[in-house]
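Some notes on the structure that comes next.
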Amino acid sequence: IKHSTESMFSEMPERAGMNSVRIAEVLNFRKGLPPVVTAAHVHALVTASSRTEREISALVAAGKLRKIKLSGRGNDLSGLSELLILTSGLEVMLRTSTLDHSTIDDFLDVLAQNPRATSIPARLLSPTHTSALMKEGYLVSSSLGGISHNTLGGSSIVAPLAISRAASGSWAAVGGDAAFENLGGVGTPKRHNSEPQNTSAGNELALSMPNIGSYLRLLYAARSHLLELLGKTKHREIPLYLLRERWDGSVESDSRV
């Protein structure tokens with residue numbers, strides 16, 4: 001996790017092709033991202049999958065690691081539904097935020113008492129603290145899952161290729177389960193096959209991170225760009241050095257072209 005967060009971005013190239021204002025925007029965007037890593041990323045870096053999962057579980061139980069579940073961000077294969085953050089990193093974020101010390105201390109105490117929880121009952125925090133944490137983006141209401149799927153299905157801004165291959169009148173014909181995140185949505189939309197939710201679900205507050213939507217959209221866009229670069233080659237494979245050059249836009253290349 002430390003390796004992933006520390007090596008997420010490379011140094012800004014000397015010939016970035018951007019003016020000073022744009023460079024400042026990029027650097028501020030990087031600084032504002034939470035120090036989270038997808039669980040899929042960790043598993044991709046470590047070959048021993050079962051051992052990795054056991055260590056993650058042990059670190060979560062010990063309170064050194066925090067797991068964040070994001071429903072409505074595609075299936076588990078997409079790698080966007082489960083995030084990991086070091087507890088120390090989370091505490092640094094809280095301490096450097098605009099939240100007052102009493103709110104931070106109460107929130108950290110609740111998290112320490114529930115190390116494995118990805119959501120907490122609203123009764124464990126005072127309404128004032130809950131409101132402040134939700135405003136900063138550390139908590140979201142579980143009732144956000146009640147978005148009507150009819151509204152989602154009525155959207156026409158979905159991938160034409162996927163729609164053209166879907167059976168007429170099917171859920172896939174209007175974008176399928178991935179429509180919400182493909183449109184850059186944030187939250188937990190209700191799926192067409194979801195069971196009716198309990199009215200007490202609003203009392204649960206799901207853990208989240210500030211700017212988590214920006215992080216997920218960046219990750220999705222980066223993956224799409226990588227696949228697009230591979231897709232432009234004849235056999236959809238390319239030497240690593242050439243892929244890196246195209247990824248960087250050849251800004252560091254000596255070639256005039």
Side-chain angles (χ1 to χ4, degrees), residues 1 5 25 28-39 60-74 80-149 151-152 180-181 183-191 194-220:
I1 293 173
T5 53
E25 290 176 352
N28 286 331
F29 177 82
R30 292 182 179 186
K31 187 178 180 181
L33 292 178
V36 296
V37 177
T38 63
V60 168
K64 296 181 180 180
L65 194 62
R66 202 80 213 182
K67 185 177 289 189
I68 300 173
K69 292 270 191 179
L70 298 175
S71 58
R73 301 300 305 189
L80 301 179
S81 60
E82 192 172 279
L83 301 175
L84 301 171
I85 183 173
L86 296 174
T87 304
S88 57
L90 173 57
E91 186 170 355
V92 169
M93 285 186 65
L94 288 166
R95 297 296 181 189
T96 55
S97 67
T98 57
L99 294 168
D100 58 74
H101 293 294
S102 61
T103 302
I104 296 173
D105 292 337
D106 285 352
F107 186 47
L108 290 175
D109 287 342
V110 171
L111 293 181
Q113 295 170 12
N114 304 273
R116 294 183 179 274
T118 56
S119 62
I120 58 176
R123 56 182 170 76
L124 297 182
L125 293 168
S126 67
T128 304
H129 292 173
T130 299
S131 177
L133 289 165
M134 292 183 71
K135 185 177 180 180
E136 288 291 322
Y138 291 97
L139 292 174
V140 294
S141 174
S142 296
S143 61
L144 289 175
I147 299 176
S148 173
H149 68 273
T151 304
L152 174 64
F180 184 76
E181 50 268 22
L183 293 172
V186 177
T188 53
K190 183 178 179 181
R191 298 308 186 189
S194 299
E195 295 295 331
Q197 296 190 347
N198 193 315
T199 55
S200 63
N203 295 328
E204 285 288 323
L205 299 172
L207 300 180
S208 185
M209 286 287 115
N211 292 329
I212 198 69
S214 298
Y215 172 82
L216 294 174
R217 284 191 292 272
L218 176 65
L219 185 63
Y220 183 86

Tyr138 side chain near Ser208 side chain, heavy-atom distance below 4.5 Å: no
Phe29 side, atom CZ; Asn211 side, atom CG - distance, nearest 0.5 Å: 8.0 Å
Any Leu70 side-chain heavy atom under 4.5 Å of Ile68 side chain: yes
Distance-only side-chain donor-acceptor flag, Thr98 / Glu136, under 3.5 Å: yes
Heavy-atom check, side chain of Met209 versus side chain of Leu90, under 4.5 Å: yes
Side-chain touch Leu125/Asp106, heavy atoms, less than 4.5 angstrom: yes
N/O donor-acceptor pair under 3.5 Å between Thr87 side chain and Lys64 backbone: yes
Between CZ on residue Arg95 and CD1 on residue Ile104, distance to nearest 0.5 Å: 5.5 Å
Heavy-atom side-chain contact between Leu124 and Asn114 under 4.5 Å: yes
Counterpart residues, side-chain contact (heavy atoms from CB on, under 4.5 Å), relative to Ser126 (two or more places apart): Thr128, His129
Main-chain N/O of Leu205 paired with Ser141 side-chain donor or acceptor, under 3.5 Å: no
Side-chain touch Leu139/Leu207, heavy atoms, less than 4.5 angstrom: yes
Side-chain heavy atoms of Leu83 within contact of Lys69, under 4.5 Å: no
pair Asp100-Thr103: side-chain heavy atoms closer than 4.5 Å: yes
Passing candidate, side chain to side chain contact (heavy atoms under 4.5 Å, CB included) with Val36, options Ile1, Leu216, Leu86, Ile212: Ile212
Main-chain N/O of Gly63 paired with Arg116 side-chain donor or acceptor, under 3.5 Å: no
